[in-house]
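Please read the structure below before turning to the comments.
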Amino acid sequence: MSGYDPKAIELKWQARWSAARVFEVAEADAARSRFYALEMLPYPSGRIHMGHVRNYSIGDAVARFRRMRGEQVLHVIGWDAFGLPAENAAIQNGVEPRAWTLANINTMRGQLQRLGIGYDWNREIATCLPDYYRWNQWLFLRMLERGDAFRARRLLNWCASCGTVLANEQVVAGRCWRCDNPVTRREFDQWFLRITDYAEEILDGIDRLDRWPERVRTMQRNWIGRSDGATVRFEVTGGGGPIEIFTTRLDTIFGATSLALAVEHPQLLPLAAGTPQEDAVRAFVAHEGGRSIEDRFAEGAAKLGVFTGRHAVHPFTGEPIPIWAANFVLMDVGTGAIMSVPAHDERDHAFATAYGLAIRAVVVPSSGGAPPGGDPFTEDGILRGSGAFDGLPSAAARERLAAIVAERGIGSATVTYRIKDWGISRQRYWGTPIPVVHCEGCGIVPVPDDQLPVLLPERAPLTGSGGSPLAQVPEFVETTCPRCGEPARRETDTMDTFVDSCWYYFRYCDPRNDRVPFERSKVEPWFPVDLYIGGIEHATMHLIYTRYWTKVMRDLGLVALDEPVAALFTQGMVIKDGAKMSKSKGNVVDPDHMIDRFGADSTRLFSLFAAPPERDLEWSDAGIEGCFRFLGRLWRAFETARALLPAPGAPAPSDADRGEARALRRKTHRTIRRVTDDLGPRMHLNTPVAAVMELLNAATPLIRHEAGAGEAWALREAFETMAKILAPFAPHVAEELWEGLGRDPFVATAPWPVADAAMLVEDEVLLVVQINGKVRGKLTVPAGLSEDAALEAARGDRNVSSHLDGKAVLKTVFVPDRLLNLVVG
RNA sequence: GCCGAAGUGGCGGAAUUGGUAGACGCGCUAGAUUCAGGAUCUAGUGGGCGCAAGCCCGCGGGGGUUCGAGUCCCCCCUUCGGCACCA
């Protein structure tokens with residue numbers, strides 16, 4: 001060993017780990033405790049960024065720790081390799097998506113290997129390979145058989161810029177999640193997955209995900225958006241009804257003075273037909289329907305409407321009430337139609353005021369106060385003006401009314417969800433072909449299993465517009481019907497890439513299976529995932545889809561588990577100068593540059609040390625230098641100490657238990673305990689790094705020529721401990737130290753150190769003396785001192801006694817070996 | 001509006017159960033070494049007062065519980081995030 005040269009040692013140990021297959025797992029070992037450490041698989045965009053470094057450093061630290069604790073650890077990486085950027089690259093640079101993607105994977109794999117992340121590379125997968133996506137197709141066909149997958153014409157989100165439809169999850173504030181362009185609504189024939197069938201189970205399951213962040217659980221609850229209410233059907237005078245509305249305030253139904261339908265409501269135009277209002281309604285629909293979602297539903301957007309020329313019959317009063325079309329009624333909420341109760345809803349109130357509709361108050365505050373004039377009263381209260389229901393509190397009235405409505409056969413108590421069925425059709429090339437055939441005679445025919453995979457053609461014309469590129473590839477489109485043998489057309493849409501990531505980590509357990517997606521027996525030893533690490537941005541999309549997918553696979557008999565992930569960890573972002581790193585802001589730090597300058601160990605160490613892993617991390621060049629300096633300090637200290645150290649495994653000399661040697665040994669064992677706790681469920685990865693620094697600081701003064709045999713022994717123990725507890729964080733330096741200590745490779749598989757209980761017991765402790773809760777003295781006393789003796793020692797302290805002078809001690813609080821508080825009058 | 005997370009030195013952040021607030025690192029100051037720069041080593045570093053011993057103030061603000069509160073309870077403020085014309 002000479003000066004600390006990260007480049008040399010990192011390459012050396014990476015090669016040795018690989019040759020010795022340190023991170024490979026052949027089969028799950030039933031005799032051992034197992035740990036599945038999983039990081040969200042990356043999209044192969046080109047190069048890894050600091051967010052990846054942080055993600056994988058966290059995962060590798062935990063995986064390496066678990067491995068050293070004797071557990072069998074599954075730690076794998078793969079590539080979320082389908083997606084739009086590959087097509088954009090093709091359009092812009094003329095590179096084939098496949099070639100572009102595979103080249104990126106090669107680059108990024110090399111970068112991960114340079115970082116020394118301990119993956120089992122034999123299990124690596126890429127979702128764009130037929131080996132993988134054929135099982136997307138196979139699973140889709142099983143879902144089709146069960147009715148989980150279905151085709152329907154629905155109003156969907158359309159991104160003109162990406163030239164494709166988007167799932168609701170992919171629309172953020174009315175804009176495309178990827179390109180930020182305004183999204184519009186259009187009707188399409190699409191493939192859907194019936195996630196709403198599982199909405200209740202997905203929602204209930206959140207309660208049991210007690211090792212998931214509260215933040216994510218809340219986001220998922222909000223996303224699913226359960227709403228308890230009732231549907232009621234209103235008859236229409238002169239026919240054309242009934243119109244079904246949804247409300248959560250059935251108690252206010254006597255205050256309903258009109259109905260309002262969404263612009264897209266299928267009954268709207270038929271109702272208006274033939275009335276004097278028909279033209280006005282048509283114009284309104286045309287105008288509102290053409291506006292973008294962002295525009296139409298912006299905060300403070302005007303509530304516009306038009307009378308349809310028709311009336312509904314109020315089911316309780318029998319009075320006719322006008323039916324309107326209104327732009328603030330959303331087609332995909334409830335039934336797309338509401339009863340308008342201006343006295344008890346702010347939106348209805350604004351609408352009624354604008355158009356001169358009747359306002360009838362039917363709920364008064366239960367406090368007995370007068371109903372407030374002017375503003376609508378939107379809280380629960382006591383019914384009045386509601387016939388037989390007067391005097392009932394709102395909650396009771398809702399129950400009663402729901403029962404009566406059900407009895408009369410005009411409605412029922414109903415639960416609706418904000419979450420919608422997952423539209424998975426994409427008009428893109430670079431994705432999994434949906435394995436069905438459209439036949440003139442037979443309709444939609446699934447591709448038989450033995451004809452899978454439906455291969456993506458080598459190339460397709462990519463222009464970025466004009467619908468599905470696959471439709472332009474005759475040799476793909478033209479086929480024969482698997483059922484009748486007549487000429488037929490293949491489905492030309494591909495699957496949303498979120499399908500790919502729903503089950504990839506099941507495939508890691510059985511990555512080369514060519515018979516089924518995975519063997520149940522290979523998956524079950526590893527599931528549920530012990531720790532899943534990734535960004536918060538996947539809280540609603542990926543993490544809801546994969547929970548859903550798991551439940552479907554369970555119901556298909558593929559697995560026997562309800563939830564795939566036991567513990568979720570959401571890491572913070574890596575930011576620079578207060579903003580997320582991005583090319584446009586020019587604040588990107590390239591991991592490769594950091595590895596060149598400081599080495600992989602310093603880069604990893606800093607990404608763990610600089611902030612708790614769940615919080616945002618502000619990148620700091622000075623900070624990573626500090627980590628590099630620490631490793632240099634450790635290196636030099638060890639080089640100096642080496643000559644002093646006893647042989648590996650030498651028995652402790654008697655004076656290893658005295659004086660400074662004993663103090664260092666105590667520090668060593670306290671450090672072991674602390675780091676072991678932190679790396680466990682606490683997931684504190686920044687404090688163990690600090691603990692190793694402290695241990696080095698404590699050991700350094702003992703490194704001197706006149707060190708005695710006991711001190712030298714304690715030094716060996718300290719350095720062996722540092723090598724081991726640093727192994728999850730800075731694995732290359734740790735191996736080099738371990739080798740320098742004369743130990744057999746590898747520290748990566750060496751047993752994790754165990755704190756010696758005897759070494760954790762202090763014989764001298766610092767006793768804090770307080771007077772009236774304020775610290776007035778700190779005494780070093782023998783451990784286990786009695787209260788009386790502590791009191792006596794405290795009185796002997798000059799400062800303490802000066803504060804006690806002439807005052808009576810009213811009360812004494814004594815915490816053995818810690819604190820003595822004297823309350824004086 | 002509803003829901004959630006978080007507020008600690010100049011900075012990133014420590015503080016297992018209520019018991020020494022500020023570990024560790026960065027930065028800064030002084031010194032050593034060096035031709036110089038850099039690197040390294042040593043010491044110091046929350047604010048105020050004091051020659052010193054020491055005292056006072058300090059974890060977003062205000063109350064409370066307690067011998068004792070960063071930690072528990074109540075109210076408020078700020079920041080960030082999710083949902084939101086959701087019927």
Side-chain angles (χ1 to χ4, degrees), chain A residues 172-173 213-227 229 245-250 252 260 262 296-303 326-330 332-341 344-348 350-351 378 416-418 536-537 539-540 605-606 609-612 614-627 629-630 632-633 636 673-674 677-678 680 682 684 686-697 700 766-778 798-799 802-803 810-815 818-824:
Chain A
V172 179
E214 197 51 48
R215 202 160 50 135
V216 174
R217 303 208 292 167
T218 304
M219 284 165 77
Q220 293 207 347
R221 285 193 189 100
N222 286 344
W223 190 262
I224 295 163
R226 183 187 157 114
S227 174
I245 62 98
F246 176 75
T247 179
T248 55
R249 291 297 306 275
L250 190 56
T252 64
R296 250 178 89 186
F297 302 113
E299 206 173 324
K303 289 181 177 42
N327 68 347
F328 69 94
V329 178
L330 306 174
D332 47 15
V333 176
T335 60
I338 60 165
M339 63 177 196
S340 184
V341 186
H344 304 294
D345 181 281
E346 298 193 3
R347 296 152 301 176
D348 295 346
F351 191 69
T378 58
T416 66
Y417 297 92
R418 203 191 77 99
I536 187 73
E537 66 274 18
T540 48
L605 200 62
F606 178 68
F609 175 61
E614 68 278 9
R615 281 210 231 162
D616 285 353
L617 183 156
E618 169 77 31
W619 190 264
S620 148
D621 288 343
I624 188 173
E625 269 189 71
C627 287
R629 283 208 295 267
F630 160 68
R633 215 153 52 230
R636 285 187 297 279
R673 188 186 52 178
R674 192 175 144 191
D677 285 352
D678 283 349
R682 266 164 61 93
H684 285 204
N686 50 335
T687 46
V689 179
V692 182
M693 290 172 172
E694 280 185 58
L695 182 55
L696 176 63
N697 292 345
T700 304
L766 192 70
L767 185 75
V768 173
V769 182
Q770 298 181 333
I771 309 290
N772 290 344
K774 285 187 184 293
V775 178
R776 297 302 179 189
K778 296 172 185 179
R798 239 180 62 207
N799 197 39
S802 76
H803 280 91
L810 304 176
K811 183 172 179 178
T812 308
V813 179
F814 181 62
V815 182
R818 290 200 101 143
L819 170 132
L820 177 69
N821 187 15
L822 304 174
V823 184
V824 301

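Note on naming: letters A, B, ... go to the chains in the order of the sequence lines (proteins, then strands), and numbering restarts at 1 for each one.
Within the nucleic acid shown, A:Leu766 comes within 4.0 Å of at least one base atom, counting heavy atoms only. At the heavy-atom level, A:Val823 lies under 4.0 Å from the strands shown only through sugar-phosphate atoms. Residue A:Arg221 is classed as having no contact, given no heavy-atom separation below 4.0 Å to the nucleic acid. Residue contacts for A:Arg636: at a heavy-atom cut-off of 4.0 Å it reaches the sugar-phosphate backbone alone, with no base atom in range. If you check every strand for non-hydrogen atoms under 4.0 Å, A:Pro213 touches nothing. Residue contacts shown for A:Asn697 are limited to sugar-phosphate atoms, with no base heavy atom under 4.0 Å away. Across all strands shown, A:Asn799 has heavy atoms under 4.0 Å from sugar-phosphate atoms exclusively, and none from any base.
A gap of 28 Å separates the P atoms of B:rG54 and B:rG31, to the nearest Å. Rounded to whole Å, the C1' atom of B:rU66 lies 9 Å from the corresponding atom of B:rG18. The P atoms of B:rA32 and B:rG19 are separated by 44 Å, rounded to the nearest whole Å. B:rG68 and B:rU79 have their C1' atoms separated by 31 Å, with the value rounded to a whole Å. Comparing the C1' positions of B:rU8 and B:rG13 gives a spacing of 9 Å, expressed to the nearest Å. If you take atom C1' in B:rG44 and the same atom in B:rG37, they sit 25 Å apart, rounded to whole Å. Across B:rG9 and B:rC57, the matching C1' atoms stand 14 Å from one another, rounded to whole Å.
A:Arg418 places its CZ atom 14 Å from the C1' atom of B:rC85, with the value rounded to the nearest Å. As rounded to whole Å, 15 Å separates atom P of B:rC83 from atom CG of A:Leu330. Residue A:Asp677 contributes atom CG, which lies 13 Å from atom C1' of B:rU17 at whole-angstrom precision. Rounded to an integer number of Å, the gap from A:Met219 CE to B:rC80 C1' is 12 Å. Nucleotide B:rA69 holds its C1' atom 13 Å from the CG atom of A:Leu819, rounded to whole Å. When rounded to the nearest whole Å, the span between CG of A:Asp345 and C1' of B:rA84 equals 13 Å. The distance between atom CD of A:Glu346 and atom P of B:rA84, rounded to the nearest whole Å, is 18 Å. Between A:Phe630 atom CZ and B:rC41 atom P there is a gap of 12 Å when expressed in whole angstrom units.
Annotation for A:Met339 and A:Leu250: closest pair CE-CA, 4.4 Å, computed over non-hydrogen atoms. Residue A:Ile771 comes nearest to A:His803 through the heavy atom pair CG1-CB, 4.0 Å, listed as atom of the first residue, atom of the second, then distance.
Residues A:Val769 and A:Arg776 are not in side-chain contact: their nearest non-hydrogen atoms beyond the backbone lie 4.5 Å or more apart. At least one side-chain heavy atom of A:Ile338 sits under 4.5 Å from a side-chain heavy atom of A:Asp348. Using a 4.5 Å heavy-atom cutoff, the side chains of A:Arg633 and A:Leu696 are in contact. A:Val333 is not listed as a side-chain neighbour of A:Phe246, based on a closest heavy-atom distance of 4.5 Å or more. Contact check for A:Phe606 versus A:Asp621: no side-chain heavy atoms found under the 4.5 Å cut-off. The shortest side-chain heavy-atom distance between A:Arg215 and A:Ile536 falls under the 4.5 Å cut-off.
Closest to the side chain of A:Ala622, from the set B:rA87, B:rC26, B:rG25, is B:rC26. Here the side chain of A:Trp223 is nearest to one of B:rC85, B:rC83, B:rC57, namely B:rC83. Listed nucleotides: B:rA39, B:rA87, B:rG19. Nearest to the side chain of A:Asn821: B:rG19. If you check B:rG13, B:rC86, B:rC24 against the side chain of A:Val333, the one that comes closest is B:rC86.
For the pair A:Arg629 and B:rC26, the criterion of a side-chain N or O lying under 4.0 Å from OP1 or OP2 is met. Taking 4.0 angstrom as the limit, A:Thr687 places none of its side-chain polar atoms (N or O) nearer than this to OP1 or OP2 of B:rC24. Taking only side-chain nitrogens and oxygens, A:Arg249 never comes nearer than 4.0 Å to OP1 or OP2 of B:rC86. An OP1 or OP2 oxygen of B:rG68 is reached within less than 4.0 angstrom by no side-chain nitrogen or oxygen of A:Arg776. Between A:Asn222 and B:rC86 there is no side-chain N or O to OP1 or OP2 distance below 4.0 Å. OP1 and OP2 of B:rU16 both lie 4.0 Å or more from every side-chain N or O belonging to A:His684. In terms of phosphate contacts, A:His803 brings a side-chain nitrogen or oxygen within less than 4.0 Å of OP1 or OP2 of B:rC55. For B:rA14, the OP1/OP2 oxygens have a side-chain nitrogen or oxygen of A:Asn686 closer than 4.0 Å.
When the shell of 6.0 Å around CD of A:Glu537 is examined, it contains more than 12 heavy atoms from other residues, nucleotides or ligands.
The partner of B:rG7 is B:rC77, by the rule that a Watson-Crick or G-U pair needs both atom distances under 3.5 Å. Here B:rC55 sits opposite B:rG48 as a Watson-Crick or G-U wobble pair (both hydrogen-bonding atom distances under 3.5 Å). Judged by Watson-Crick or G-U wobble contacts below 3.5 Å, the nucleotide B:rU17 has no partner. The partner of B:rA69 cannot be assigned: no Watson-Crick or G-U wobble pair with both contacts below 3.5 Å exists in any strand. B:rG31 is paired with B:rC41 under the criterion used here, namely a Watson-Crick or G-U wobble arrangement in which both key atom distances are under 3.5 Å. Pairing of B:rA87, defined by two Watson-Crick or G-U wobble distances under 3.5 Å, is not identified with any nucleotide. When both distances must be under 3.5 Å, the Watson-Crick or G-U wobble mate of B:rC2 is B:rG82. In this structure B:rG12 sits in a base pair with B:rC24, meeting the Watson-Crick or G-U test at under 3.5 Å.
Checked by atom type and distance alone, the side chain of A:Asp678 never pairs as donor or acceptor with a backbone atom of A:Asn686 at under 3.5 Å. Using modelled atom types, no side-chain atom of A:Asp345 and backbone atom of A:Ser340 make a donor-acceptor pair closer than 3.5 Å.
Not a single donor-acceptor pair, N or O on each side, falls under 3.5 Å between the base of B:rU40 and the side chain of A:Arg633.
Remark: A:Glu694 engages A:Arg674 in a salt bridge, criterion side-chain N to carboxylate O under 4.0 Å.
Nucleotide B:rG9 is shown with a syn base, its glycosidic torsion being within 90° of 0.
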Tabulate atom names and distances for all N/O pairs under 3.5 angstrom spanning the protein and nucleotides 62-66 of chain B.
none

Can you check nucleotides 4-9 of chain B for protein contacts, nitrogen or oxygen pairs under 3.5 Å, and list what you find?
none

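In summary, of the residues considered (A:Asn821, A:Leu822, A:Val823), a side-chain contact (heavy atoms from CB on, under 4.5 Å) with A:Gln770 occurs for A:Asn821 alone.
By the 6.0 Å and 45° rule, A:Lys303 stacks over the aromatic ring of A:Phe328.
For the pair A:Ala262 and A:Thr700, nearest-nucleotide mapping onto RNA chain B gives the more 5' position to A:Thr700. Summary of the strand contacts: A:Glu694 and A:Glu618 both lie near RNA chain B, and taking for each the nucleotide with the nearest heavy atom, the more 5' one is attributed to A:Glu618.
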